[in-house]
Amino acid sequence: MRAGRNVLKRKLQQGRVTLGLWVTLESPSVTEIAVALGFDWVCIDGEHGHLDFKEMVDHLRVTRDTDTTPLVRVQEVEQGLIKRALDLGAEGILIPQVQGPAEVEQAVRFAKYPPRGVRGVGGERATSWGLGLKTYTRAADEETLLIPLIETVAAAEALDAILDVPGVDAVFLGPADYSASAGHLGEWEGPGVAAQLLEIKDRARARDLACGVMSTDVADARLRQDQGFRLIGLGSDAGLLIRAAVEALRALGADPLRGDKQ
């Protein structure tokens, strides 16, 4: 956190569109490149895939004192996971598989220090190993971003109650999981889902809360920008690599796709 201030939070408060990278691969060079390119944020995925805490801290380390804000998607709403991610230097937490306000309220409690919550005080990276204990702990509750993932029909039905939870800073949509919960497993946006996601975004914006989503390509990112999304993921590290490689192989007459073919 640069001088106790969350750069991404300021940008969202100013109504700016921010661009991010989803980090799923273990090499911290991925995040280092994202920082060099000027990405507004990276989200280190601790829910899916193979990243462990050692790999997570390596990614977090290269964002320190930069204008690229590191977010972590934890694997579930669990006190130890949230506490450790924040102690390691995450400046925001994405809360997965939210069904209603109860999980969000619990996540907020786990992410905030007393008296607002139950987060323990640790002498880890976030506090500069205790050297910046007062500075960090006095700012952390206001600066740390809490972002529920709206990725089920149940979460959409409980959206107003979720947005009412004090401490929610933004929401992030999960089209594939939302589609699965709506009966369209394996589709990015099943029948009717695109319109439902835009409605969620509009309801969040009406409360002056930013809404985020992953894009599928550059054209889709532009569309999401025009639609009013303010946290736009340009892709995952692996996805962008695959996208570029497929484009190059096809340009040279090869057929690279051996899995699902659309």
Exercise for the section: Give a yes-or-no answer on whether the side chains of R222 and Q225 include a donor-acceptor pair shorter than 3.5 Å. Expected result: no

Exercise for the section: Would you check if the side chain of T144 reaches a backbone N or O of G92 as a donor-acceptor pair within less than 3.5 Å? Expected result: no

Handout entry: Side-chain (D40) to main-chain (G20) donor-acceptor, under 3.5 angstrom
Key = no

Handout entry: Check against side chain to side chain donor-acceptor pair (under 3.5 Å), S179 and H184
Key = CA-CA 5 Å; S179 293; H184 310 295; over 6 Å; no

Practice task
Apply side chain to side chain contact (heavy atoms under 4.5 Å, CB included) to L198 and Q227, showing your working.
Solution key: CA-CA 8 Å; L198 289 179; Q227 288 172 336; 3.6 Å; yes

Practice task
Determine whether the aromatic ring centres of W22 and F172 lie less than 6.0 Å apart.
Solution key: yes

Exercise for the section: Measure from the side-chain N and O atoms of T127 to the backbone N and O of G132, and report whether any donor-acceptor pair falls under 3.5 Å. Expected result: no

Handout entry: Carboxylate-amine/guanidinium proximity below 4.0 Å for E55 and R61
Key = no

Handout entry: In one Ile/Leu/Val/Met/Phe/Trp/Tyr side-chain cluster, 4.5 Å: V30, L37
Key = yes

Handout entry: R230 side chain to T18 backbone, donor-acceptor under 3.5 Å
Key = no

Handout entry: side chain to side chain donor-acceptor pair (under 3.5 Å) between T68 and W41, intermediate numbers included
Key = CA-CA 5 Å; T68 299; W41 53 272; over 6 Å; no

Exercise for the section: Answer yes or no: does atom CG of D208 have more than 12 heavy-atom neighbours from other residues, nucleotides or ligands under 6.0 Å? Expected result: no

Problem - V35 and T63: CA distance, side-chain angles, deciding distance, side chain to side chain contact (heavy atoms under 4.5 Å, CB included) verdict - result: CA-CA 7 Å; V35 170; T63 68; 4.2 Å; yes

Practice task
State plainly whether the residues D87 and R119 are in salt-bridge range, i.e. N to O under 4.0 Å.
Solution key: yes

Practice task
Could you tell me whether E142 and K112 make a salt bridge, using a distance below 4.0 angstrom between a side-chain N and a carboxylate O?
Solution key: no

Handout entry: Check: E47 and E76 side chains under 4.5 Å, non-hydrogen atoms
Key = no

Handout entry: Co-membership, hydrophobic cluster, residues L71 and V168, 4.5 Å side-chain
Key = no

Practice task
Could you tell me whether R10 and E143 make a salt bridge, using a distance below 4.0 angstrom between a side-chain N and a carboxylate O?
Solution key: yes

Show me the donor-acceptor pairs, under 3.5 Å and distance only, between side chains in residues 241-250 and residues at least two apart or in other chains.
unit_1	atom_1	unit_2	atom_2	d
R243	NH2	T216	O	3.1
R243	NH2	L234	O	3.3

Handout entry: Check: V108 and V165 side chains under 4.5 Å, non-hydrogen atoms
Key = yes

Problem - Closest heavy-atom pair and its distance - A111, L146 - result: CB-CD2, 3.8 Å

Problem - Residue pair Y178 / I200, side-chain heavy-atom distance below 4.5 Å - result: yes

Exercise for the section: Determine whether L173 and C211 make a side-chain contact, defined as any pair of heavy atoms from C-beta on separated by less than 4.5 Å. Expected result: yes

Problem - pair R203-D160: side-chain heavy atoms closer than 4.5 Å - result: yes

Practice task
Only one of L231, D169, I93, L94 passes side-chain contact (heavy atoms from CB on, under 4.5 Å) with L145; say which it is.
Solution key: D169

Exercise for the section: Say whether D237 and T24, considering side chains only, have a donor N or O and an acceptor N or O under 3.5 Å apart. Expected result: yes

Problem - Minimum heavy-atom distance between G100 and A158, given as atom pair plus value - result: CA-CB, 4.0 Å

Handout entry: Min side-chain heavy-atom separation I44-L60 under 4.5 Å
Key = yes

Exercise for the section: Decide yes or no for P175 and V213: does some side-chain heavy atom of the first lie under 4.5 Å from some side-chain heavy atom of the second? Expected result: yes

Exercise for the section: For the pair L209 and L163, evaluate side chain to side chain contact (heavy atoms under 4.5 Å, CB included) and give the outcome as yes or no after the intermediate values. Expected result: CA-CA 9 Å; L209 289 176; L163 298 179; 3.8 Å; yes

Exercise for the section: Evaluate the side-chain proximity of Q97 to L149: yes if any heavy-atom separation is below 4.5 Å, no if none is. Expected result: no

